[in-house]
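Within every chain, numbering begins at 1; the chains are lettered A, B, ... in the order of the sequence lines, protein sequences first and strands thereafter.
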Number of protein chains: 2
Amino acid sequence: MEQVGLSRRERVREATLSEIKAIARRHLVEHGPSGVSLRAIAREMGMTAPGLYRYVSGIDALLVAITVEMFDELGAAVAAADASVPDEDTDRRIRTSLRAFRTWAVGHRSEFATMFGPRPHVDPNADTAPAIEAARRFAATFYTLFDRLLAERRFALPDSSHLTPELARELRSFAENCGFSAPHIPVEAVMVLSSCWVRLYGVVCMEVFDQMSVVMDDMEPLFESELHTVLTGLGVRYEPPESTAPTAVSAPD
Amino acid sequence: MEQVGLSRRERVREATLSEIKAIARRHLVEHGPSGVSLRAIAREMGMTAPGLYRYVSGIDALLVAITVEMFDELGAAVAAADASVPDEDTDRRIRTSLRAFRTWAVGHRSEFATMFGPRPHVDPNADTAPAIEAARRFAATFYTLFDRLLAERRFALPDSSHLTPELARELRSFAENCGFSAPHIPVEAVMVLSSCWVRLYGVVCMEVFDQMSVVMDDMEPLFESELHTVLTGLGVRYEPPESTAPTAVSAPD
DNA sequence: CGGCGTTTGCTAACGGTGTTCACTAAAGCG
DNA sequence: CGCTTTAGTGAACACCGTTAGCAAACGCCG
């Protein structure tokens with residue numbers, strides 16, 4: 001990327017750090033979250049564990065670091081999908097983006113779990129700020145799309161009858177802290193956004209976390225069904241996914 | 001419970017096994033999932049780690065065992081809540097049961113995470129069948145309530161226009177394998193059930209897994225909001241929770 | 001080119017983990 | 001009482017994260 005003004009030393013340093021993160025990432029997908037160990041990484045790199053401490057302050061920090069990368073990667077995947085459709089076709093852009101989210105998730109289960117799954121008892125000294133920032137960046141992708149829908153007045157804002165003061169307060173806090181909504185966005189809209197996100201997050205978690213696996217072997221139809229009702233409620237036209245083999249994680253060639 | 005015809009030996013055996021599980025459970029809530037270790041448990045019991053292998057085939061099996069207990073406990077909590085309201089007041093029973101689910105979840109985050117969170121790379125030799133069975137038993141609680149709604153024709157079945165063959169197939173599989181629906185339940189109903197469950201599962205996961213924590217500090221209003229729309233769609237009257245301090249986890253003892 | 005500080009990586013060590021094996025001591029039973 | 005089954009131990013192996021001290025390489029600057 002941008003290692004222009006870096007001294008030779010800094011360049012090789014950056015390179016080994018990248019290698020560390022890459023191997024960590026691979027171990028994550030191959031052996032699960034608990035399968036990421038400094039010693040194993042060092043072994044694979046032909047060095048010893050303490051040496052890694054020159055690059056990473058500990059295993060927790062390493063996990064945070066790769067979490068950042070994964071959020072960026074997910075964001076890039078979604079953005080790429082979004083960019084692959086004509087700019088003015090908002091409806092298709094949204095469908096495509098959301099499907100890209102699910103596709104990435106089911107194709108990267110371990111990653112998704114560490115990004116969106118339970119945070120193990122996090123000790124206060126751990127600096128998770130970068131990961132949170134990365135998550136925020138990722139979310140922004142969807143905010144802009146949603147903003148567009150809002151601007152186009154695609155859906156009617158729900159009447160604020162069942163919108164308790166407490167909920168309104170939380171939604172306002174949400175809108176303020178999450179970075180988007182520079183113009184004062186109505187809380188009702190934030191609520192619609194939350195509700196939609198809850199549903200899609202819910203299906204995807206169910207699928208990735210392998211709930212239901214005993215009882216249902218392909219979750220894509222259920223995702224599509226949720227997507228359908230969510231989009232409809234948002235005033236976005238639903239269309240089934242374009243061919244490309246029903247679900248089967250496109251194992252081409 | 002039912003240790004009637006057990007020899008003295010079997011009784012004390014059962015007792016130590018219970019102690020093991022109890023300590024494991026406590027370590028789980030106090031130090032997180034990775035904080036459960038056979039050596040620590042043994043130490044606390046005044047014995048050595050290998051001794052535990054007389055009772056448990058390994059740490060994975062122990063985790064499965066306590067997962068079973070946790071599902072039973074969650075099921076009991078929900079059932080107790082359900083039983084605490086007059087039998088004929090279906091609406092309130094449903095509200096109470098679902099709120100009991102969330103309350104238990106937020107009050108037992110580590111447990112919820114191991115029950116409903118991502119399953120770490122599960123090696124095939126692990127026998128998770130008991131946990132799955134326990135989960136099934138738990139789910140049954142809600143099936144019966146839903147069955148009642150269905151019998152009372154509380155809500156209109158969605159038209160099967162956007163019900164693709166694939167979705168229908170999966171829903172049928174769901175209905176067959178999950179044990180309820182002895183009478184042939186319409187797939188449309190199963191779909192409504194799935195959709196509702198997805199939403200509530202979604203909010204609760206978001207809350208327990210601490211997504212949003214940066215952006216929103218009390219998730220109860222959002223849960224209530226989802227509950228509202230879910231119930232309304234189900235033909236069940238929504239009522240706000242009965243006072244009892246907004247969220248505050250009813251610190252047990 | 002030589003010197004010298006900085007950076008890198010090593011070894012050794014401590015304390016922790018799961019798990020296996022061989023063994024003793026106790027408990028139960030005929 | 002004697003024999004069998006069982007509970008529990010100790011030692012060992014192979015891992016893990018992390019710290020401290022040290023030696024070698026690197027790169028800069030005179």
Side-chain angles (χ1 to χ4, degrees), chain A residues 3 5-21 23-24 26-28 30-66 114 120-128, chain B residues 3 5-21 23-24 26-28 30-66 114 120-128:
Chain A
Q3 69 264 39
L6 299 183
S7 71
R8 157 172 177 77
R9 216 178 186 130
E10 289 166 318
R11 267 184 298 131
V12 356
R13 188 169 213 292
E14 217 57 35
T16 48
L17 200 154
S18 290
E19 187 183 355
I20 293 174
K21 290 194 282 191
I23 299 181
R26 221 189 53 242
H27 286 192
L28 173 67
E30 286 174 4
H31 314 302
S34 59
V36 188
S37 82
L38 292 180
R39 290 194 122 108
I41 294 172
R43 204 179 308 134
E44 188 166 327
M45 293 178 63
M47 55 188 286
T48 61
L52 295 186
Y53 279 75
R54 300 285 175 194
Y55 299 89
V56 167
S57 67
I59 185 116
D60 292 344
L62 175 56
L63 287 177
V64 172
I66 67 177
T114 76
H121 276 210
V122 63
D123 46 351
N125 53 3
D127 182 23
T128 58
Chain B
Q3 70 264 39
L6 299 183
S7 70
R8 157 170 177 76
R9 210 174 190 132
E10 288 165 320
R11 265 184 300 130
V12 359
R13 191 171 211 289
E14 217 58 35
T16 49
L17 199 155
S18 290
E19 188 184 356
I20 294 173
K21 290 193 285 191
I23 298 180
R26 220 189 54 243
H27 287 191
L28 172 68
E30 286 174 3
H31 311 116
S34 59
V36 189
S37 82
L38 291 180
R39 290 193 121 109
I41 294 172
R43 204 179 307 134
E44 187 166 329
M45 294 179 63
M47 56 188 283
T48 61
L52 296 184
Y53 280 75
R54 300 280 174 196
Y55 299 89
V56 167
S57 67
I59 184 109
D60 292 344
L62 175 56
L63 287 177
V64 171
I66 68 177
T114 75
H121 276 210
V122 62
D123 47 353
N125 53 4
D127 183 23
T128 58

Trainee: Rounded to whole angstroms, how far apart are NE2 on H27(B) and P on dT17(C)?
Mentor: 10 Å

Trainee: Can you tell me the distance, in whole Å, between the OH atom of Y53(A) and the C1' atom of dA13(C)?
Mentor: 14 Å

Trainee: Quick one: I41(B) CD1 to dT19(C) P, roughly how many Å, whole number?
Mentor: 11 Å

Trainee: Give one of base, sugar-phosphate or nothing for R13(A), where a contact means two heavy atoms less than 4.0 Å apart.
Mentor: sugar-phosphate

Trainee: Given atom NE2 of H31(B) and atom C1' of dG16(C), what is their separation to the nearest angstrom?
Mentor: 14 Å

Trainee: Any side-chain heavy atom of E10(A) within less than 4.5 Å of one from E14(A)?
Mentor: no

Trainee: Measure the distance from CG on L52(A) to P on dT18(D) and round it to the nearest whole Å.
Mentor: 11 Å

Trainee: L63(A) vs T114(A), test: side chain to side chain contact (heavy atoms under 4.5 Å, CB included). Steps then yes/no.
Mentor: CA-CA 9 Å; L63(A) 287 177; T114(A) 76; over 6 Å; no

Trainee: Between R43(A) and P50(A), which is nearer to the 5' end of DNA chain D once each is assigned its nearest nucleotide?
Mentor: R43(A)

Trainee: May I ask you to say what T48(A) touches in the nucleic acid, namely base, sugar-phosphate or nothing, with a heavy-atom cut-off under 4.0 Å?
Mentor: base

Trainee: Check whether any side-chain heavy atom of L52(B) sits under 4.5 Å from a side-chain heavy atom of M45(B), and report yes or no.
Mentor: yes

Trainee: Calculate the interatomic distance between I59(A) atom CD1 and dC15(D) atom P; express it in whole Å.
Mentor: 16 Å

Trainee: With heavy atoms under 4.0 Å as the rule, sort A49(A) into base, sugar-phosphate or nothing.
Mentor: base

Trainee: With the side chain counted from C-beta on, respond yes when I20(A) and L38(A) share a heavy-atom pair under 4.5 Å apart, and no when they do not.
Mentor: no

Trainee: If you assign each of A40(B) and T16(A) to its closest nucleotide in DNA chain C, which residue comes earlier from the 5' end?
Mentor: T16(A)

Trainee: May I ask you to test the K21(B)-L62(B) pair for a side-chain heavy-atom distance under 4.5 Å?
Mentor: yes

Trainee: Atom CD of E10(A) and atom C1' of dT6(C): how far apart are they, to the nearest Å?
Mentor: 13 Å

Trainee: With the side chain of M47(A) defined as its heavy atoms from C-beta on, choose the nearest nucleotide among dG10(D), dG9(C), dC16(D).
Mentor: dG9(C)

Trainee: Among dA13(C), dA12(C), dT20(C), which nucleotide has an atom closest to any side-chain atom of R39(A)?
Mentor: dA13(C)

Trainee: On the side chain of R54(A), is there an atom forming a donor-acceptor pair with the base of dG9(C) - under 3.5 Å, no angle test?
Mentor: yes

Trainee: Just to be sure I understand the rule, does G35(B) reach a base, reach only the sugar-phosphate, or reach nothing, if contact means heavy atoms closer than 4.0 Å?
Mentor: nothing

Trainee: Write down the distance between CG (L17(A)) and P (dG9(C)), rounded to a whole number of angstrom.
Mentor: 11 Å

Trainee: Does dG8(D) have its OP1 or OP2 closer than 4.0 Å to a side-chain nitrogen or oxygen of Y55(B)?
Mentor: yes

Trainee: Among dT18(D), dT7(C), dT19(C), find the nucleotide with the atom closest to the side chain of L38(B).
Mentor: dT19(C)

